[in-house]
Amino acid sequence: MDNQAIARVLAEIGDLLEIKGENPFKIRAYRTAAETVASAAVALAALPAAGLQKLPGIGKDLAGKIREIVETGDAQYHRDLVAEFPPTILDLLHLQGVGPKTVQLLYLSLNIRTIEDLEQATRAGRLRELRGMGARKEALILKALEERRQYAGRHLLADAHETALAIVGWLREHEPGAEYIPVGSLRRGCETCGDVDVLAVGGTAALMDVFTSFGGVERPLGRGDTKSSMRLGGGFQADLRLVASESRGAAMQYFTGSKPHNIALRDRAIQRGYTLNEYGLYRVSDNERVAGEREEDVYEALGLQFVPPELRENRGEIERAIEHALPRLVELADLRGDIHAHTDATDGRDSLERMAAGAAAAGLSYLAITDHSKALAMANGLDEARVLDQARTVRECSRHLDHLTLLAGIECDIRMDGTLDLATDCLAQLDLVVASIHSGVNLDQAQMTKRILRAIESPVVDIIGHLTGRLLLQREGYRLDLERIFDAAAACGVALEINSQVDRLDLNDVRAKLAHDRGVKLVVSSDSHSHAGFGVLRWGTLVARRAWLEPADVLNTLPVEQFVRSLRRNRR
DNA sequence: GCCGTTTTCGGCCCGACTGTTTTCAGTCG
């Protein structure tokens, strides 16, 4: 049983307790524990109860429940709750405007158990019989049901970024007096975003009208003088908050989140005699504001090093900030090379020369050409003769370039049995080999792990590409024993890729951190298929930052000679 | 249910907006 599965049971207990109307702090304890478990660096199934209790927010009781879940696949407490409330009512909880109290009311008074029940009851006008329910609420629920059908909920980071840019552009054009700052999960660099949050600083309430007249708005969800929410076409929700200049920093902190980070921060504020909200940090004794204009000041006043937005997930960053020992996170400008790109020799759109020009324009000083190997016939993958021919061309082309070095590589398929798609003596003649899986994705965990381990053990493999094969919002990754794979990669000197394609971002933040913690080096690569495709490196860099990586942890921050020397094939 | 540089008990983050209400509960972030 993996951490995610354990976390799901704990989170579901939290949801069911909320519907039951239990003590909110007990509910929070389960939710905090679920988040801690989901982002834990090691497989908790292997830990005894005593070890579990060392994790923050997990005490004797929860440690026991986690052990029970690991050993029996479920917890009796969970089963009891499910017997009391059908688990399908949890779907209702995810509807916009429907919370735990409403779900409980719907279930106990109308016996509504499913989305379908709710839709029927609403259309039949039965909701109006209930206290606190009127025609407007009824219409809101119907709307929420329709939107649920239409949209899955979350969106890729890059799409959220585009939407935020469009909103900010619109606001700047029509109400230039204020400053506009995208915040929320977008600012933290989360791989998917549920909504787009924008902070307006120093404007007037009039800008709310500008916001609601934004072209992409489908319907308003709420509109006030300091806060408005809109549903946009394509399923995005956008929130705008307005604060005065003196609260700029506190508001940035507050609306960037995450929720667990903010709760921990406000906890610390209370302990130190302050209260923290979106307007500032206030001393309780005399209500004096001690910080608020600058975000850095809020952290400093709480005795903390400034925490970069990407780390604000309550995954140990506060403890490290107390010691002023946060990592110096890698930045996009630290990347000197890209080591995964395709040309029109296989499924890329552009020629070698155009790809080189694109990489140079993106400010890179080296680029590895890594087209597909022959197993990907659909992509016109290269066989041994073609890849060696291409390598000659790449090296020749590189000699004629002033500010860019081209490396001759391949993205070689890992076959079902873990052997490589091209002959070893061919692969040995290249500058580097990225090995990836593109087919046979449904093997069980033991087979898939063995397959990857075999590839890692091959002396001609330098890097494993998009290791887990997950596709965001589409497909879970392969079933893998990641800890074994990370340990093998570390032992063999094989680097793991953070693939920057917006729907991959693979490895993700938590796994890249775990890999690093176990001694693995990483690369951030674009997997670009066109000369304009190197911009995605910004997304991969965000993942690396969320994984706590410093420049020294990412091989392609090195100058080209050192990078080449650091490859597994060139190490002794 | 967790936790402790006042505490092993009594705390536990904070505020805006909506709808259905006549003073507030519910939802959201």
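Residue numbering restarts at 1 for every chain, and letters A, B, ... go by the order of the sequence lines. Fair warning: this is a prediction, and the values are worked out from it, not measured in the lab.
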Item checked: Flag if over 12 foreign heavy atoms under 6.0 Å of CZ, A:Arg219 -> yes
Next item on the list: Check every strand shown and say whether A:Ala63 touches a base, only sugar-phosphate, or nothing at a heavy-atom separation below 4.0 Å.
Entry: nothing
Notebook entry, point to check: Of all the choices, B:dC12, B:dC14, B:dA16, which nucleotide is nearest to the side chain of A:Phe25 once you look at every atom?
Noted result: B:dC12
Next item on the list: Could you tell me whether the phosphate oxygens of B:dC2, OP1 or OP2, come under 4.0 Å of any side-chain nitrogen or oxygen in A:Thr32?
Entry: no
Notebook entry, point to check: Side chain of A:Gln96: nearest nucleotide among B:dG15, B:dT20, B:dC28?
Noted result: B:dC28
Margin query: With a cut-off of less than 4.0 Å, is there a side-chain N or O of A:Tyr282 near OP1 or OP2 of B:dG15?
Written below: no
Next item on the list: Under 4.0 Å between any heavy atoms, over every strand shown, what does A:Leu265 touch: base, sugar-phosphate, or nothing? Just pick one.
Entry: nothing
Notebook entry, point to check: Between B:dG19, B:dA16, B:dG1, which one does the side chain of A:Asp61 approach most closely?
Noted result: B:dG1
Margin query: Can you tell me if A:Arg484 has over 12 outside heavy atoms packed within less than 6.0 Å of its CZ?
Written below: no
Item checked: Euclidean distance for P, B:dC9 against B:dA16 (whole angstrom) -> 37 Å
Note to self: If you assign A:Leu130 and A:Leu221 each to the DNA chain B nucleotide with the nearest heavy atom, which residue ends up on the more 5' nucleotide?
What the structure shows: A:Leu221
Note to self: Say we look at B:dA25 and B:dT20: how far apart would their C1' atoms be, to the nearest angstrom?
What the structure shows: 10 Å
Notebook entry, point to check: Is A:Gln237 near enough to B:dG29 that one of its side-chain N or O atoms lies under 4.0 angstrom from OP1 or OP2?
Noted result: yes
Next item on the list: Please evaluate the base of B:dG29 for a donor-acceptor partner in the side chain of A:Tyr254 within a cut-off of under 3.5 Å?
Entry: yes
Notebook entry, point to check: Can you tell me how far P in B:dT8 sits from the matching atom in B:dG4, rounded to whole Å?
Noted result: 13 Å
Item checked: Closest-nucleotide 5' rank along DNA chain B - winner of A:Gly97 and A:Arg223 -> A:Arg223
Margin query: Using whole Å, what does the distance between atom P of nucleotide B:dA25 and atom CG of A:Leu105 come to?
Written below: 15 Å
Next item on the list: Could you work out the separation of B:dT22 and B:dG29 based on their C1' atoms and round it to a whole Å?
Entry: 28 Å
Next item on the list: Write down the distance separating the C1' atoms in B:dC17 and B:dT21, rounded off to the nearest Å.
Entry: 15 Å
Check: What's the closest nucleotide to the A:Lys26 side chain, out of B:dG15, B:dT18, B:dG1?
Finding: B:dG1
Note to self: Between A:Glu317 (side chain only) and A:Val307 (backbone N and O only), is there a donor and an acceptor less than 3.5 Å apart?
What the structure shows: no
Check: For the side chain of A:Asp267, counting heavy atoms from C-beta on, which of B:dG1, B:dT27, B:dC12 is nearest?
Finding: B:dC12
Check: Is it true that a side-chain atom of A:Arg320 and a backbone atom of A:Ala325 form a donor plus acceptor pair closer than 3.5 Å?
Finding: yes
Check: Between A:Glu175 and A:Tyr180, is any side-chain donor less than 3.5 angstrom from a side-chain acceptor?
Finding: no
Item checked: From B:dC14, B:dG1, B:dC28, nucleotide with atom closest to A:Asn277 side chain -> B:dC14
Note to self: Considering every strand and a 4.0 Å limit on heavy-atom distances, what is the contact class for A:Ile27: base, sugar-phosphate, or nothing?
What the structure shows: nothing
Note to self: Using whole Å, what does the distance between atom P of nucleotide B:dC28 and atom CZ of A:Arg31 come to?
What the structure shows: 11 Å
Note to self: In whole Å, measure the gap between the C1' atoms of B:dT7 and B:dC12 for me.
What the structure shows: 13 Å
Note to self: Distance check, rounded to the nearest 0.5 Å: A:Leu127 atom CG versus A:Ile112 atom CD1?
What the structure shows: 5.5 Å
Check: OH of A:Tyr30 versus P of B:dC2: gap in Å, rounded?
Finding: 7 Å
Check: What about A:Asn23: does its side chain form a donor-acceptor pair under 3.5 Å with the base of B:dG1?
Finding: yes
Next item on the list: For A:Pro24, answer base if it contacts any base atom (sugar-phosphate contacts may also be present), sugar-phosphate if it contacts only those atoms, and nothing otherwise; contact means non-hydrogen atoms under 4.0 Å.
Entry: nothing
Next item on the list: Return the value, rounded to whole Å, for the distance between atom CD1 of A:Ile66 and atom P of B:dG1.
Entry: 13 Å
Item checked: Atom-pair distance (CG on A:Leu140; C1' on B:dC17), nearest Å -> 12 Å
Notebook entry, point to check: Whole-Å distance between B:dC12 C1' and A:Arg268 CZ?
Noted result: 17 Å
Notebook entry, point to check: In whole Å, what separates the C1' atom of B:dT23 from that of B:dT18?
Noted result: 15 Å
Checklist line | Between A:Asp80 and A:Gln76: side-chain donor-acceptor atoms closer than 3.5 Å | finding: yes
Check: Is it the case that A:Gln501 and A:Asp506 place a side-chain donor and acceptor less than 3.5 Å from each other?
Finding: no
Next item on the list: Assign A:Leu17 to base, sugar-phosphate, or nothing according to its heavy-atom contacts below 4.0 angstrom with the strands shown.
Entry: nothing
Margin query: Measuring from the side chain of A:Thr102 (C-beta onward, heavy atoms only), which nucleotide among B:dG26, B:dG1, B:dC14 has the closest atom?
Written below: B:dG26
Next item on the list: Could you state the atom-to-atom distance from CD of A:Glu278 to P of B:dA16 in whole Å?
Entry: 6 Å
Next item on the list: Select one nucleotide: of B:dT20, B:dG1, B:dG29, the one nearest the side-chain heavy atoms of A:Lys259.
Entry: B:dG29
Check: Watson-Crick or G-U wobble partner for B:dT8, using a 3.5 Å limit on both distances?
Finding: none
Margin query: As a test of reading the structure: which of B:dC14, B:dG29, B:dT20 is closest to the side chain of A:Lys137, going by heavy atoms?
Written below: B:dT20
Next item on the list: Round to a whole Å and report the spacing from CD1 of A:Ile141 to P of B:dG19.
Entry: 12 Å
Check: With sugar-phosphate meaning primed atoms plus P, OP1 and OP2, does A:Arg131 contact a base, only sugar-phosphate, or nothing at under 4.0 Å between heavy atoms?
Finding: nothing
Next item on the list: Select one nucleotide: of B:dG29, B:dG1, B:dC14, the one nearest the side-chain heavy atoms of A:Thr275.
Entry: B:dC14
